[in-house]
Structure formats: C-alpha cells, structure tokens
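Step one of this worksheet: look at the structure below.
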Amino acid sequence: MIDLRSDTVTTPSEGMRRAMSAADVGDDVYGEDPTVRALEVKVADLFGFEAALFTVTGSLANLLAVRTLVEPGTEVLCEAGAHIARAELGAHGAISGLTMRTWSDPRGHADLEAIDALVAPDLGPFLVRTACVSVENTHNFAGGRVQPLDTLTGLRELADRHGVTVHLDGARVWNAHVATGASLAQLATCADTMAVCLSKGLGAPVGSLMLAGADEIAQARVWRKRLGAGWRQAGLLAAAGLYALDHHIARLADDHEHARLIAKAAGAAVETVDTNIVVIQTADAAGLVERCRQGGVMVGAVGPRVVRAVTHLDISRDDAIKAAEVIASALRP
Ligand SMILES: Cc1ncc(COP(=O)(O)O)c(C=O)c1O
C-alpha cells in the first residue's frame, strides 16, 4: 500500500532508531533529560524564541501556547478551517475557557481586513474581548497553503495596533520554510507563541514543541504536568527529533515535487499546491477513496466531496508516479 492519508504515518528510519537508542536520558519532570534540553534549546534558537517545551503532540503545544496568551472568558480569532478550531475537539474551550470567532479564506490565509473588523476591544461587561489571533502556516485543511510573508508582517502590525497577541500553529512550518526560502526565524517573527511538530513532514515518531518567552514556557511546563503530560526519559523521543532536524528538512522539497506530480495527474490546480498536500474535489469522496484503495493507494476523505493526498518521507518518486496513475484512473468516469 502507498499511504498518502497523512504525513504522520512515517516510521522511523534505521538511522533515526540508532540515534534514539544511543540517546542520553534522564527524568524530564526533574528537568534532567539532556537530550530533551538539547532539543528545546536547538528549536528555540532556530525560531528566535527564548525557550521551548517538548510536548507529546502538536495539539498539546497549541493548547499550552494559546492558554498562556488568553484568560478564560476571552476569545481567539482564527481561520474557519484552522486545526485549533476544527480538529482539537474543543480543547481550547473545554480546558482553557475561551471562545473562538473565525474568518474564512479558501487558502487559509490571514485576511487582515477581516481580522481588523473582527477584533473586539475590551467593552467591560458587554462583549467578549479578543485576546489573540491564531494563524496556521502551512494551513492543513486549505491544502498545505503557505502564508505570504508580508501578510504575517501585516498581522504583527495589526495585533500591536489592537493590543492583542499572535499564536502561530506551525505544525508544518518546515514545509513553508523549504517552499519559500524564508528562514525559520523570519517565519516566526509575527508570533508571540508558536507550535511546531516533528512528527509530520520531519518523520519523527512522536513530538512537538511549544515556543515562547521563558515565563510563558515556565507556565506551560506547569500546565503540561497538570494535564498529565509530564514525561520522564523522553530523550529517546527527543533524539528522533534532533535526528529529523539534521536530516529531514531540505528533503521536504522532494515531497513538494511529488505532490505537484500527483496534483497534475488528478487534474487538481497545480498552482494551489504550495507544499505536500493535494486536495482533490470529487462528486463522491468515499467512492474515490475506495477505488484508490483497490489500486493500492490510501488517500483520505476530508469531506463528502473532498479527498486529500499527502506526500511524505516514506513516499519515493516511484511511489508518487504509481499513486498518480492510480488516482487518475480512479477519477476516470
Ligand atoms: C496544522 C496542525 N496543527 C496541529 C496539529 C496537531 O498535531 P497532533 O496530531 O500532533 O496533535 C495538526 C495535525 O495534523 C495540524 O495539521
């Protein structure tokens, strides 16, 4: 089976497994795991933040980050298809006590005019106050779209003008970096807090990080433990992340090339494929998924008429060519 359901399905390579088994470890709740510390310092430096916190998932990194920026009873603005709004199962409301309002953009971009109109000032007992704007780069449900750099700069200016904070869900920010050539630090300058994932395009089995100032990370460390997600010899997993950072960033360009190849065969608009996600519109998503499966290719239905194919580390060029043929044939009437 060629599995294009998600870039989270990769399994660790031999080199990554060797790095994991050789890792120096200690108890991370005591702050004594040297490999976790090394990963946190490295990733904070890459993005220009004071500090970082290693977490089990991107959802947890988002949850901890956003909750350091908002008080219960305030709101976050985000795009309607944002992962924090649609796919984190209401955690931000259920756990952090915040509400969300959204703008819509088919590319998942931060629509500065719409955000400007949505931001609610502090009106005391009358309206919910906007505390934070959250953006996603790349935007998953929009099909791996990249946020333009000048939009991110504009968002920072807008947030400062309104006295609100910015969270960046950078689960796949590595793909945005490779697709645009902008440095990781440049992509992060708009944000007060950020979440990044090692377990997607970078191919680590587990792990994400929250990035922020040192005080916010100290608060998040307490909340991580409160939520039962403190971990002990997590250096085994951090070592996989360090290996992924050293070996798997530049090669994301191959995934992007493979995605364009698949998009072309599927008749999808290639110019909308910024990175490693192809969105295919079809009358019957479940039917297309089944026909692809019969041809040896797994893709995912993300709506009744939308199918998603995601390229990744375990998909070779030959796999992509074969998958493109199967998808094209499954689309034929
Ligand atoms: C944009 C985005 N943010 C956050 C996450 C959450 O990551 P995790 O599955 O590790 O919780 C995902 C997962 O696909 C994602 O696509």
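Order of listing sets the numbers, starting from 1, for every ligand and every atom in it.
- Looking at heavy atoms from C-beta onward, L53 lies in side-chain contact with E40 at the 4.5 angstrom threshold.
- Heavy-atom contacts of R172 reach the following atoms of ligand 1: 14 (O), 15 (C), 16 (O) (cutoff under 4.0 Å).
- Shown here for L4 and V299, the closest heavy-atom pair between the two residues is CB-CG1, 4.2 Å.
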Report the C-alpha separation of S59 and N62 in whole Å, then their side-chain angles, then the decisive distance to 0.1 Å, and conclude whether the side-chain hydrogen bond (donor to acceptor under 3.5 Å, both in side chains) test is met. CA-CA 5 Å; S59 299; N62 277 335; 5.9 Å; no
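- Only the side chain of N62 comes within 4.0 Å of ligand 1, judged by heavy-atom distances.
- Of the N or O atoms in S199, none lie within a sub-3.5 Å distance of an N or O in ligand 1.
- In terms of polar-atom proximity, defined here as any N/O pair under 3.5 Å, D169 does make such a contact with ligand 1.
- Atom 5 (C) of ligand 1 has as its closest protein heavy atom H83 CE1, 3.3 Å.
- Per-residue contacts place S59 under 4.0 angstrom from the following atoms of ligand 1 (heavy atoms of the residue considered): 6 (C), 7 (O), 8 (P), 11 (O).
- Contacts between H139 and ligand 1, counted as non-hydrogen atom pairs separated by less than 4.0 Å, are absent for every part of the residue.
- Between the side chains of E79 and H139, at least one donor N or O sits under 3.5 Å from an acceptor N or O.
- Interface of E88 with ligand 1, defined as ligand atoms under 4.0 Å from a residue heavy atom, comprises 4 (C).
- For G58, a nitrogen or oxygen atom sits less than 3.5 Å from a nitrogen or oxygen atom of ligand 1, counting backbone and side chain alike.
- Contact of the S6 side chain with the R308 side chain is registered, since non-hydrogen atoms from C-beta on lie closer than 4.5 Å.
- Looking from atom 7 (O) of ligand 1 to the surrounding protein, the closest heavy atom is K200 NZ, 2.8 Å.
- Donor-acceptor pairing under 3.5 Å is lacking for the side chains of N276 and H258.
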Kindly indicate, with the supporting measurements, whether the criterion side chain to side chain contact (heavy atoms under 4.5 Å, CB included) is fulfilled by L237 and W231. CA-CA 11 Å; L237 298 171; W231 44 9; 3.8 Å; yes
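- For atom 1 (C) of ligand 1, the closest non-hydrogen atom on the protein side is E136 OE2, 3.2 Å.
- The CD1 atom of I2 lies 12.0 Å from the CG atom of D314; values are rounded to the nearest 0.5 Å.
- Only the side chain of A171 comes within 4.0 Å of ligand 1, counting heavy atoms alone; its backbone N, CA, C and O stay farther away.
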